[in-house]
Amino acid sequence: MDFILQCSEKNKIDIRSLTFDQLVCLIVQMGYPKYRADQVFHWLHSGIQSVDDMLNIPKDLKADLLNSTFIAPVTVYKKFVSDIDGTVKFVYKLYDGNFIETVVMKYKHGYSICVSSQVGCKMGCEFCQSTKSGFIRNLLPGEILGQVLESQRRLEIKISNIVMMGIGEPLDNFDNIITFLKLVNDPKGINIGYRHISVSTCGLADNIIRLADFNLPVTLSISLHAASDEKRNSIMPVNHKYNIQKLISACRYYQSVTGRRISFEYSLIDGVNDSDADAKKLFDLLSGIMYHINLIPVNRIENGVFSPPDMKKVRRFNDLLVSMGASCTVRRTLGADISASCGQLRSKFERKRGV
Ligand code: SAH
């Protein structure tokens with residue numbers, strides 16, 4: 001079976017990474033009837049930690065599953081709760097001793113979760129903490145799903161929105177992200193609508209086009225942060241490979257296929273990208289696209305050199321864009337006291353090998 005995901009340390013299939021059809025295939029190959037796959041899939045997506053916790057599954061099937069599969073664990077290592085707004089940050093520990101972070105935010109319309117897609121990140125954005133320790137590995141689809149399931153279980157809530165804006169570059173872990181999207185959207189699982197999911201990217205234009213061709217109605221969120229190549233090159237190395245023109249034409253393609261409005265994230269950095277001329281350039285760049293701009297005063301990171309403009313400048317930038325006719329808002333910062341805001345998540349809380 002080419003879909004088998006080998007997990008290096010255990011050399012077993014992460015069963016939670018399998019789509020329903022893949023699970024059926026596995027269970028039928030093991031000699032059990034198809035309806036057992038329905039039951040196993042149900043248990044896996046209900047947030048159980050071990051095959052032993054599945055109640056209506058025969059002993060033989062459990063033994064076979066334990067023999068050749070495992071559930072890649074996503075276990076709470078630490079939990080932080082913001083005194084300011086109740087935002088929760090989990091530090092999750094993975095099977096190989098790596099750590100990732102996940103944030104759960106409460107909005108009027110329900111709970112939103114910000115999941116990580118990789119351990120670390122290769123993209124090297126100057127303003128982002130998540131990339132400072134480099135890249136370690138991709139997360140399995142089941143490890144991304146596990147963040148949602150375990151957060152729901154620990155907080156006794158139902159998540160209604162997912163943003164892929166945690167640690168890592170989702171489109172650099174493309175196949176696993178597609179599988180994850182199918183898993184969370186499955187009506188037999190937690191059934192979160194694609195329209196309630198945002199995939200954020202620093203601008204891997206080729207993979208934006210690949211994503212468009214899947215035609216899933218997820219919201220594409222582009223971390224733009226600058227409207228000229230000169231400025232973008234200086235803060236986002238990815239721009240050397242996919243410049244603004246390539247990025248914007250991939251966005252136009254995405255929109256032409258999916259019909260979805262695109263979100264552009266623009267972190268305002270004092271003295272770098274926050275002038276009136278920057279606002280005008282941004283407006284002109286997005287002409288002809290159906291979009292919304294989220295302005296985020298840049299969050300401070302450890303040893304970071306960037307600081308946010310004062311609120312007066314932020315307002316001015318926003319108002320200028322709105323006056324030109326742009327759809328634009330300033331995003332509220334959540335979880336500032338627990339380092340849970342955009343760009344503050346890290347992959348190595350404390351790394352111990354072999355635990
Ligand atoms: N790699 C993906 C998703 C992770 S980052 C991406 O680049 O989109 C989530 C968002 O936070 C991105 O828009 C990112 O550019 C932004 N971000 C990173 N560091 C930040 C900081 N210090 N302040 C504000 N936003 C930041």
Side-chain angles (χ1 to χ4, degrees), residues 98 100-101 114-139 163-177 198-212 220-254 262-275 277-278 281-282 285-286 293-309 339 341-348:
N98 279 303
I100 47 164
E101 298 188 349
C114 175
V115 294
S116 293
S117 55
Q118 296 179 316
V119 182
C121 184
K122 301 172 194 159
M123 298 299 134
C125 299
E126 293 292 339
F127 42 80
C128 183
Q129 187 77 58
S130 304
T131 196
K132 296 295 176 196
S133 311
F135 172 76
I136 300 175
R137 70 170 172 89
N138 282 326
L139 292 184
V163 294
M164 308 209 69
M165 290 191 182
I167 299 162
E169 166 52 43
L171 296 190
D172 185 44
N173 185 12
F174 192 85
D175 294 342
N176 288 352
I177 292 309
S198 295
V199 175
S200 184
T201 177
C202 63
L204 302 183
D206 291 347
N207 282 351
I208 292 173
I209 291 167
R210 279 174 78 199
L211 182 66
L220 180 65
S221 201
I222 303 291
S223 301
L224 188 59
H225 308 319
S228 73
D229 281 325
E230 195 194 348
K231 285 197 183 183
R232 203 163 189 268
N233 282 341
S234 74
I235 53 175
M236 300 180 72
V238 67
N239 201 67
H240 293 288
K241 180 153 186 203
Y242 299 107
N243 64 19
I244 290 183
Q245 195 239 318
K246 284 186 189 151
L247 173 57
I248 294 296
S249 73
C251 290
R252 286 185 200 282
Y253 180 73
Y254 188 88
I262 296 179
S263 273
F264 289 92
E265 313 299 305
Y266 194 99
S267 296
L268 285 162
I269 308 175
D270 195 31
V272 174
N273 61 1
D274 60 344
S275 69
D278 290 315
K281 231 182 166 81
L282 176 59
L285 179 68
L286 302 184
I293 302 170
N294 284 307
L295 297 176
I296 314 158
V298 75
N299 296 303
R300 292 177 200 277
I301 61 166
E302 220 176 272
N303 303 320
V305 293
F306 297 128
S307 47
S339 291
S341 308
C342 289
Q344 295 185 321
L345 303 184
R346 60 181 71 223
S347 56
K348 287 205 245 181

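What you see below is based on every heavy atom in this structure, not just the backbone, and it leaves out hydrogens, waters and symmetry mates.
- Using modelled atom types, one side-chain atom of R232 and one backbone atom of L224 make a donor-acceptor pair closer than 3.5 Å.
- When each of D172, N176, N173 is paired with Q118, the side-chain hydrogen bond (donor to acceptor under 3.5 Å, both in side chains) condition holds for D172 and for no other.
- Within the cation-pi definition used here (under 6.0 Å to the ring centroid, within 45° of the axis), R300 does not qualify as a partner of F306.
- Of the possible donor and acceptor atoms, none in the side chain of Q344 sits under 3.5 Å from a partner among the backbone N and O of I301.
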(message) F127 vs M236, test: side chain to side chain contact (heavy atoms under 4.5 Å, CB included). Steps then yes/no.
(response) CA-CA 9 Å; F127 42 80; M236 300 180 72; 3.8 Å; yes
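- T131 places a side-chain N or O within donor-acceptor distance of the main-chain N or O of C121, the cut-off being under 3.5 Å.
- A side-chain donor-acceptor contact under 3.5 Å links Q129 to the backbone of E302.
- For S200 and E265, the side-chain atoms include no donor-acceptor pair closer than 3.5 Å.
- Contact annotation: the side chain of M123 approaches that of L204 to within less than 4.5 Å [non-hydrogen atoms, C-beta and beyond].
- Ion pairing between a basic and an acidic side chain is recognised when a charged N comes within 4.0 Å of a carboxylate O; R210 and D175 show such pairing.
- The minimum heavy-atom distance linking S341 with N299 is given by the pair CB-ND2, 3.5 Å.
- Atom NZ of K281 sits in a sparse spot, with 12 or fewer heavy atoms from other residues, nucleotides or ligands closer than 6.0 Å.
- Contact check for N239 versus D229: side-chain heavy atoms found under the 4.5 Å cut-off.
- In plain terms, the two heavy atoms of L220 and L211 that are nearest each other are CD1-CD2, 4.3 Å.
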(request) Kindly indicate, with the supporting measurements, whether the criterion side chain to side chain contact (heavy atoms under 4.5 Å, CB included) is fulfilled by I235 and C125. (result) CA-CA 6 Å; I235 53 175; C125 299; over 6 Å; no
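- Shown here for C251 and I262, the closest heavy-atom pair between the two residues is O-CD1, 3.3 Å.
- At a threshold of 4.5 Å between non-hydrogen side-chain atoms, the residues I208 and Y253 do not count as touching.
- The minimum heavy-atom distance linking I293 with Y266 is given by the pair CG2-CB, 4.3 Å.
- Around the NZ atom of K241, the shell of radius 6.0 Å holds no more than 12 heavy atoms that belong to other residues, nucleotides or ligands.
- Looking only at side-chain heavy atoms (C-beta outward), I248 and L286 come within less than 4.5 Å of each other.
- In this structure, L285 and I244 approach most closely via the heavy-atom pair CD1-CG2, 3.5 Å.
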(message) Run L139 and S116 through side chain to side chain contact (heavy atoms under 4.5 Å, CB included) and show every step you take.
(response) CA-CA 8 Å; L139 292 184; S116 293; 4.2 Å; yes
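- Of all the heavy atoms in A250 and A205, the pair that sits closest is CB-O, 3.7 Å.
- Between the side chains of T201 and E169, at least one donor N or O sits under 3.5 Å from an acceptor N or O.
- Atom OG of S223 and atom CG of L247 lie 9.5 Å apart (nearest 0.5 Å).
- Using a 4.5 Å heavy-atom cutoff, the side chains of P308 and D270 are not in contact.
- Going from atom OG of S228 over to atom CG of L282 covers 11.0 Å, rounded to the nearest 0.5 Å.
- I209 CD1 to S249 OG: the interatomic distance, rounded to the nearest 0.5 Å, is 6.0 Å.
- A distance of 8.0 Å separates CD of E101 from OG of S339, quoted to the nearest 0.5 Å.
- With N273 contributing its side chain and I269 its backbone, the two residues share a donor-acceptor pair below 3.5 Å.
- For S130 (side chain) and L345 (main-chain N/O), a donor-acceptor pair under 3.5 Å exists by modelled atom type.
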(request) Show your reasoning for whether side chain to side chain contact (heavy atoms under 4.5 Å, CB included) applies to S221 and M165. (result) CA-CA 9 Å; S221 201; M165 290 191 182; 3.3 Å; yes
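- We find that D206 and K246 are not joined by a salt bridge, their nearest charged nitrogen and carboxylate oxygen being 4.0 Å or further apart.
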